[in-house]
Amino acid sequence: MIGWYVHHHGWGHMTRMQAIRPHLGDEVTVFSSLPEPASLPPETIWVQLPSDSDAVVGPDGVSREAHELGDVTARGTLHWAPLGHPGHQARLAAIAEWVAIHPTSAFVVDVSVEVTILARLLGVPTISVAQPGDRTDAPHRLGYDLADRILAPWAPGTIPAKALIGREDRVRSVGAISRYDGRACTEADAEADDVRRVLFLGLALDPVRLAQTRELLSADGWVVENAGAGSDDRIDDVWPLLCRATVVVSAAGQNSIADLAAADARAVVIAQERPFDEQKEMARVLAAHGLARTVAADASPAEVVDSIRRAADTAPRWDVWQVSGSAARAAAAIEELAR
């Protein structure tokens, strides 16, 4: 039995688990505050955890936010451990109770320093998923020190992860993990024609600048498509859109970039503000390798359009991102520890 913690911010952690899970032969129990997906692979159990950030009503009848209950970082040692928060206590208790009942060969943590600590204290071999950006703060260092394996979802030599220096013997760099690994663009997907198409993938631009950029592109003869760029255009399967796009405009999240690599896409990447400068670091690496045009988050619509035109004339070599087989390599690293 393998335990797997999926962080609830965004959908990237969930998507990564779903990409790796089919390559694991063991049973897997997933713990997350996210709602259970509509479908799960066989021998996969979903345990929905209570929230650890809801407001709490105290004995005095006053509602207080989690961070108002006291020092949530334990003097900088942890990232999030609110004092006296019932949801936080219940979620950790649920994991501990499950481990006490089920013999657990390994526990994947994507991502939480606190859950890594808990799993290791319970005597379970632990795999921590690394992330780009400056993760040299005390909580990240503690989590990496306790992890028996560190899964780096990027190709060796691409992301300069300073926090992993001195821990290389436990790091497994498996390449960027995409849900579309192994899926080919069909003629129907590509819709081969002479139309220039641009796909806005995710929330790379705010609504006002997105609308202005779309107007400029339409006036220039581009066909503009959206997938998750607005409040009502989320598309579960964006593969056909990726395949037929001349250029894709995307934020610099790990999963989005891995999907671009899987589709061999020409891209413009706009890094969003994230903790630890994760996306800024990703954008810098992409630019250094010549894999995508990058523009600042506050770039004008005219600057974005100019970058789209330039990206259309490039031919990135995405093979350096090592998407092919990455999910299987990640599963092998997990099973290596589980055995």
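When a residue number appears, it is its place in the shown sequence, counting from 1.
By the 4.5 Å heavy-atom criterion applied to side chains, Arg214 and Pro301 are not counted as neighbours.
Residues Thr15 and Asn255 have side chains that never bring a donor and an acceptor to within less than 3.5 angstrom of each other. Side-chain atoms of His85 and Asp52 form no donor-acceptor pair, as typed in the model, at a separation below 3.5 Å. A side-chain donor from one of Asp54 and Ser51 sits under 3.5 Å from a side-chain acceptor of the other.
Partners of Thr44 under the side-chain hydrogen bond (donor to acceptor under 3.5 Å, both in side chains) rule, at least two apart in sequence or in another chain, are Arg21. With sequence neighbours excluded, no residue forms a salt bridge (Lys or Arg N to Asp or Glu O under 4.0 Å) with Asp134. Applying the side-chain contact (heavy atoms from CB on, under 4.5 Å) test to Asp26 and every residue at least two apart in sequence or in another chain returns Ile2, Ser105, Ala338.
Two rings, from His79 and His140, have their centers less than 6.0 Å apart.
Hydrophobic clustering (ILVMFWY, side-chain heavy atoms < 4.5 Å, transitive): Val129 and Tyr144 are in distinct clusters.
Paired with Val56 under the rule side-chain contact (heavy atoms from CB on, under 4.5 Å), one option of Pro82, Ser63, Pro86 passes, and it is Pro86. Results of the ring-ring contact (aromatic ring centres under 6.0 Å, His included) test with Phe31 over Trp46, Trp98, Tyr5 single out Trp98 as the only residue that passes.
Looking only at distances, no side-chain donor or acceptor of Arg293 sits under 3.5 Å from a matching main-chain atom of Val268.
By the neighbour-count criterion of 12 heavy atoms within 6.0 Å, atom CD of Glu168 is densely surrounded, having more than that number from other residues, nucleotides or ligands.
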